[in-house]
Each structure stands twice: as structure tokens, then as C-alpha cells.
Amino acid sequence: MKNIFITIAITLLLFNCKSDKKHEIIEPVEEIVADTILVEEIDEKPIIDTIMKIEEVTEKPKKENIKAASKPKEPFKNYLIESDIKITPIKHGTLVIDYNGTTIYVDPVGGLDAFNQHKAPNFILITDIHGDHLSVETLNAVNTGNTIIIGPKAVKEKLPQSLQKNFTTLFSGLSRSFSTSKMALEVEGIPMYNLREEAKQYHPKGRGLGYVISMNNKRIYISGDTEDIFEMRQLKNIDIALVCMNLPYTMTVESAASAVLDFKPKKVLPYHYKGTNGFSNVSRFKTLVNKGNNQIKVVQLNWYEGS
């Protein structure tokens, strides 16, 4: 009996719950949105601009640490200009000196083509009789009726009569003055010879000549083929020195550097630096000179194709 009453009570309870749910009233709540704008009234431009700005920020690549490009190096100029005097290497011991409309060839070899970038010479200096300093063929090609050729007696004796007409013989320790309408030139003969017994056969004393050229208040020394002789070491007030260094014909880079440190030119150009075993170590020459006297400037020009 008790169980029947419990069952009836549970049934009535469930029925009342269902009745309450049926009668539950959910009152609608009015939601008021201030400043409501109709879709067709929206100005789309600000939104588009905003989107584009967002995209730009999103897609903008991160900054990379890019080093500033270094200033491009100037192209190598294969010549030296000092006080309006221009020195241009041709090859080995051959060079051209230009100043104020006057052109000087030193030991011209290689034929006319070797000088096709240069004016015809007013003066030609020849240091010795060897083929890398004296070429009759080249002299005939570059010589003009007004060219003055200067050299030692041994050189003159190797020339045909046609080239001897305007030849001026110079001797060691002597100088000659020349002039043009635009400049004055003084040429002094300087000894050049070998010291080592095994090398004296190449350049005996008294045959060839080096030169000191004076122009525009500058003194330029051209060594020719020589070793580090006493006369070189005694030179004074040299602004530019062209110094040879090749074995077995002249001297080592150590001997050349030692001589340069003695006579102290303001600038020195290593030249005539190819011997029987290839190129001399001109970098070592520069190191030795600068270590002994850092006031002397070593100027390295290119005297050989591909070097």
C-alpha cells in the first residue's frame, strides 16, 4: 500500500513540471542599437583603405641587414703624374715621359705599334746596346727629322748614318741642356755597370749610361742596367727614381732596396724586373724600402702584360 502512494506522488510531481514548462513565458527584450547605419549608406572607401594598409603592413618584408655598397674602386691608371710630368711604362725598360707638349722616349723597342698611343718623340734616350734597350728598327720607325737622340758612344757606333745625324753623345758625369719653345731639359749621364765578377760581362763599366733628367724643377733618375753602385748611392735630391732589379743581369731586390734607402728618392718605380727566372719580387722590394724609410713612396706600375 505504501508503494502505491509513493508511485502516485512521483507521477503528480512529474506532471506539474511539464505543466510549468508549457506555461513558461519568455518576454522579448528590446535591443536598441544607437547610430544604426543602413548597409547601403556605408562609405566603403575608409574600410578599403584600412584593409589595404593592413595588407601592406602584413606583406612588407622584414628589413635585412644589408651593408652599404662600398665605393667602387677607380680603374687602375698605368702611369704616374708628378708636377705635370707623366711617366708611362711601355715594357721592361722602355717608357715614355711627357711634359708640356714635349715627349721623351727612353730605350724605345717593340716597333711603332708599341707607341701608337703616344706622340712622336722630341727626344730619345738610350742607355745601352742590348736588344731590350736599342732597336734600330724601332728608332727608324719613331724617329722624325727633328728628334734628338741622346746616348753613350757605344750606342752611336751601333747606329746607321741616317740616325747619327741628330745624335748627341753623352758621357758619365757630364750633362747637356736642351730647350724647346715650351720647356727646358737637362740630361746628366750617370754610370751604370755590374759589380759581381760573374755579371761584369753583361754591363762593363764605361759602356752604358743611366740618366738624371731635370725638368719643371723635378729630377728623375733612370738607372738603366746596373747594380747598386757607389755613384747611384751618392745621388742627391731625386724626386722620382726608376730602379732595375733582375738577375743575373742587374741586381737583387735586396740590393736595389739598400741603394734606394741610401739616396732617398721621394718616389721610386721598380722597373726592368724580369730576369731569366721570371719576375723579381717587387712586393718584397716595397716592404724593405718602407720598413727602412716609410717616407719613400714605392709606385708599382704594370711593365709586363699579364703581370
Any donor and acceptor pair, going by atom type alone, linking the side chain of [X] with main-chain N or O of [Y] inside 3.5 Å?
{"X": "K205", "Y": "P191", "value": "no"}
{"X": "S83", "Y": "I85", "value": "no"}
{"X": "E186", "Y": "M215", "value": "no"}
{"X": "D228", "Y": "A259", "value": "no"}
{"X": "N216", "Y": "K218", "value": "no"}
{"X": "R219", "Y": "N237", "value": "yes"}
{"X": "R176", "Y": "L185", "value": "no"}

Sub-6.0 Å ring centroid separation between [X] and [Y]:
{"X": "Y304", "Y": "H92", "value": "yes"}
{"X": "F285", "Y": "Y273", "value": "no"}
{"X": "Y105", "Y": "F123", "value": "no"}

Legend entry - Salt-bridge criterion met for D98 and K119 (N-O under 4.0 Å):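 Here D98 does not pair with K119 in a salt bridge, since their nearest N and O are not under 4.0 Å apart.
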
Inset, instruction - Before accepting this row, confirm whether a basic side-chain N of the pair E82/K267 lies closer than 4.0 Å to the acidic partner's carboxylate O. - result: yes

Inset, instruction - Measure the acute angle between the ring planes of Y249 and Y202, then classify it against the limits of 30° and 60° as parallel, tilted or perpendicular. - result: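 Because their plane-to-plane angle is over 60°, the rings of Y249 and Y202 count as perpendicular.
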
Inset, instruction - Please work out which of the three classes, parallel, tilted or perpendicular, describes the rings of Y221 and F263, given edges at 30° and 60°. - result: perpendicular

Legend entry - Single-linkage hydrophobic cluster V243~V106, side-chain heavy atoms < 4.5 angstrom: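 Cluster IDs for V243 and V106 match.
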
Legend entry - Spacing of CG belonging to D113 relative to CD belonging to Q117, to within rounding of 0.5 Å: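 Taking CG in D113 and CD in Q117, the distance rounds to 10.5 Å.
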
Inset, instruction - Return yes when atom CD of E137 has more than 12 non-hydrogen atoms of other residues, nucleotides or ligands closer than 6.0 Å, and no otherwise. - result: no

Legend entry - Candidate pair T144 and T147, rule side-chain hydrogen bond (donor to acceptor under 3.5 Å, both in side chains), full reasoning: CA-CA 5 Å; T144 70; T147 301; 2.7 Å; yes

Legend entry - Non-hydrogen side-chain atoms of D225 and Y193 separated by less than 4.5 Å: no

Inset, instruction - Taking the side chain as every heavy atom from C-beta outward, state whether I124 and I150 have any pair of such atoms under 4.5 Å apart. - result: no

Inset, instruction - Give the C-alpha distance, both sets of side-chain angles, the deciding distance and a yes or no for side-chain contact (heavy atoms from CB on, under 4.5 Å) between D107 and L125. - result: CA-CA 6 Å; D107 288 341; L125 302 181; over 6 Å; no

Inset, instruction - For H203 and N194, run side-chain hydrogen bond (donor to acceptor under 3.5 Å, both in side chains): C-alpha distance rounded to whole Å, both residues' side-chain angles, the deciding distance at 0.1 Å, then the answer. - result: CA-CA 6 Å; H203 307 100; N194 286 112; 2.9 Å; yes

Legend entry - K156 charged N/C atom sitting above F167 aromatic ring, 6.0 Å / 45°: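 Geometry flag: not set, cation outside 6.0 Å or 45°.
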
Inset, instruction - Give the minimum heavy-atom separation between W303 and P270, together with the two atoms involved. - result: NE1-O, 3.2 Å

